[in-house]
Asker: 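Handing you a structure now.
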Amino acid sequence: MTRLIARLDIKSDKLIKGINFEGLRIIGNPYEFANKYYEDGIDEILYIDTVATLYGRNNLNHILNETSKKLFIPVTAGGGVSNITNAQELLDNGADKIFINSAAVREPNILRALVDKFGSANIVSSIEAKNINNEWLVYIDNGREKTNYKLEQWLEIVQDSGVGEILITSIDFDGTKKGFDINLFENIENKINVPYVISGGMGTLEHLKKIKEVCRPSGIAIGTSIHYQILKIHEIKKTMLELGFKNVRH
């Protein structure tokens, strides 16, 4: 199944969005947006606490708690996860899966520890990638800090750790609405052996056709285009079905 996932970037208790992870603007109440997307037929909600790593705390618990009581679809959450306790708290408050990025890059063994504790199906490796001099590098801290990892090298490490899914975001294309990072996603297609979700850049229905030609993601995460009502969820799903994406729920 190719899931359509609503990506909600959270700062404090507000839904925000920017371009290339910068120029962040407040959009509104994240739960209200999540509820609308649920009613419109979204397959999954992705909550990202964008400042949790920076401030050493996660503010998603009350949002997750509210969501889990009323929205009966899978929810993935993360931001600031650095140990089993952090992950357990998010799961206890309603997350079905948790993702981890910055702490895993700093200490890769945490990935295996999380998988051993919660199982592969509940752990997602989030990867923020940026093209520097024709080479994709891994970033952390919501795109603020470059690491020493090349993307291909990091993909091997996270897959060896046993994670059940990978979420890969193009920093270069995030929030731009100019289309997916075709070169990035074409490059990784044969380097990933687990389900993966692509994120960053969708702005028109035509962009779905272009990405379908180069990769087979298990999910497509979108933010700006639905937050600003540039695209409607039912239109996106209809187009995905017409293009032959696998087992699209409608």
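Note that the structure is a prediction, hence the values are computed from the model and not measured.
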Asker: Compare every heavy atom of Ala104 with every heavy atom of Ile110, then report the nearest pair and how far apart it is.
Answerer: CG2-CA, 3.5 Å
Asker: In sequence, state the C-alpha distance, the side-chain angles, and the governing distance for Asp9 and Lys11, and then conclude on salt bridge (charged side-chain N to carboxylate O under 4.0 Å, His left out).
Answerer: CA-CA 7 Å; Asp9 293 80; Lys11 182 177 181 181; over 6 Å; no
Asker: Within 45° of the ring axis of Phe173 and under 6.0 Å from its six-membered ring centre, is that where the NZ or CZ of Lys178 lies?
Answerer: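 Relative to the ring axis of Phe173, which defines the angle, Lys178 lies inside both limits.
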Asker: Nearest heavy-atom pair of Pro30 and Ile10: which atoms, and what distance?
Answerer: CB-CD1, 3.3 Å
Asker: For Gly162 and Arg112, work out which heavy atoms get closest and say how close.
Answerer: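 Closest pair (atom of Gly162, atom of Arg112, distance): N-NH2, 3.9 Å.
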Asker: With a 4.5 Å heavy-atom cut-off, do Asp96 and Thr76 have their side chains touching?
Answerer: no
Asker: Ignoring hydrogens and geometry, is there a side-chain-to-backbone donor-acceptor pair from Glu128 to Gly143 under 3.5 Å?
Answerer: yes
Asker: For Tyr31, check ring pair (Phe, Tyr, Trp, His ring centres under 6.0 Å) against everything at least two apart and list the hits.
Answerer: none
Asker: Can you establish whether the number of heavy atoms outside Lys210 located under 6.0 Å from its atom NZ is more than 12?
Answerer: no
Asker: Do Val81 and Val124 belong together in a cluster built from hydrophobic side chains that touch within less than 4.5 Å?
Answerer: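 Per the 4.5 Å side-chain linkage, Val81 and Val124 are not co-clustered.
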Asker: Just list the side-chain donor-acceptor pairs under 3.5 Å for residues 239-246, sequence neighbours left out, or say none.
Answerer:
unit_1, atom_1, unit_2, atom_2, d
Thr239, OG1, Glu235, O, 3.0
Glu242, OE2, Lys238, NZ, 2.6

Asker: Looking at Arg249 and Gly41, what are the two nearest heavy atoms and their distance?
Answerer: NH2-O, 3.7 Å
Asker: Identify which one of Trp154, Tyr139, Trp136 satisfies the ring pair (Phe, Tyr, Trp, His ring centres under 6.0 Å) criterion when paired with Tyr149.
Answerer: Trp154
Asker: Write down the atom of Leu114, the atom of Ala87, and the distance for their closest heavy-atom approach.
Answerer: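 Of all heavy-atom pairs spanning Leu114 and Ala87, the closest is CD2-CB, 3.7 Å.
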Asker: Side-chain polar contacts of residues 33-40 - donor-acceptor pairs under 3.5 angstrom, sequence neighbours left out - could you list them?
Answerer:
unit_1, atom_1, unit_2, atom_2, d
Asn35, ND2, Glu39, OE2, 3.4
Lys36, NZ, Asp40, OD2, 2.8
Tyr37, OH, Ile226, O, 3.4
Tyr37, OH, His227, N, 3.3
Tyr37, OH, His227, ND1, 2.7

Asker: Looking just at side-chain N and O atoms, do Asn133 and Glu135 make a donor-acceptor pair shorter than 3.5 Å?
Answerer: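 Side chains of Asn133 and Glu135: no pair found under 3.5 Å.
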Asker: Could you please spell out the steps behind the salt bridge (charged side-chain N to carboxylate O under 4.0 Å, His left out) verdict for Asp141 and Lys146?
Answerer: CA-CA 9 Å; Asp141 295 342; Lys146 182 173 69 174; over 6 Å; no
Asker: Looking at every heavy atom in both Leu4 and Asp43, which two are closest together, and how far apart are they?
Answerer: N-OD2, 2.8 Å
Asker: Does the pair Asn65 and Asn93 meet the rule for a side chain to side chain donor-acceptor pair (under 3.5 Å), with working shown?
Answerer: CA-CA 5 Å; Asn65 205 284; Asn93 279 280; 3.3 Å; yes
Asker: If the test is side-chain contact (heavy atoms from CB on, under 4.5 Å), which one of Ser218, Pro74, Pro217 qualifies with Arg3?
Answerer: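 Filter result, single survivor: Ser218.
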Asker: Tell me whether the count of non-hydrogen atoms from other residues, nucleotides or ligands lying under 6.0 Å of CD in Glu152 goes above 12.
Answerer: no
Asker: For atom CD1 of Ile26, is the number of surrounding heavy atoms from other residues, nucleotides or ligands below 6.0 Å larger than 12?
Answerer: no
Asker: What's the verdict on side chain to side chain donor-acceptor pair (under 3.5 Å) for Ser126 and Asn101, showing C-alpha distance, side-chain angles and the deciding distance?
Answerer: CA-CA 5 Å; Ser126 174; Asn101 177 25; 4.9 Å; no
Asker: So Thr169 and Ile127, do their side chains get closer than 4.5 Å, heavy atoms only?
Answerer: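 A side-chain contact is absent here, since even the closest heavy-atom pair is not under 4.5 Å.
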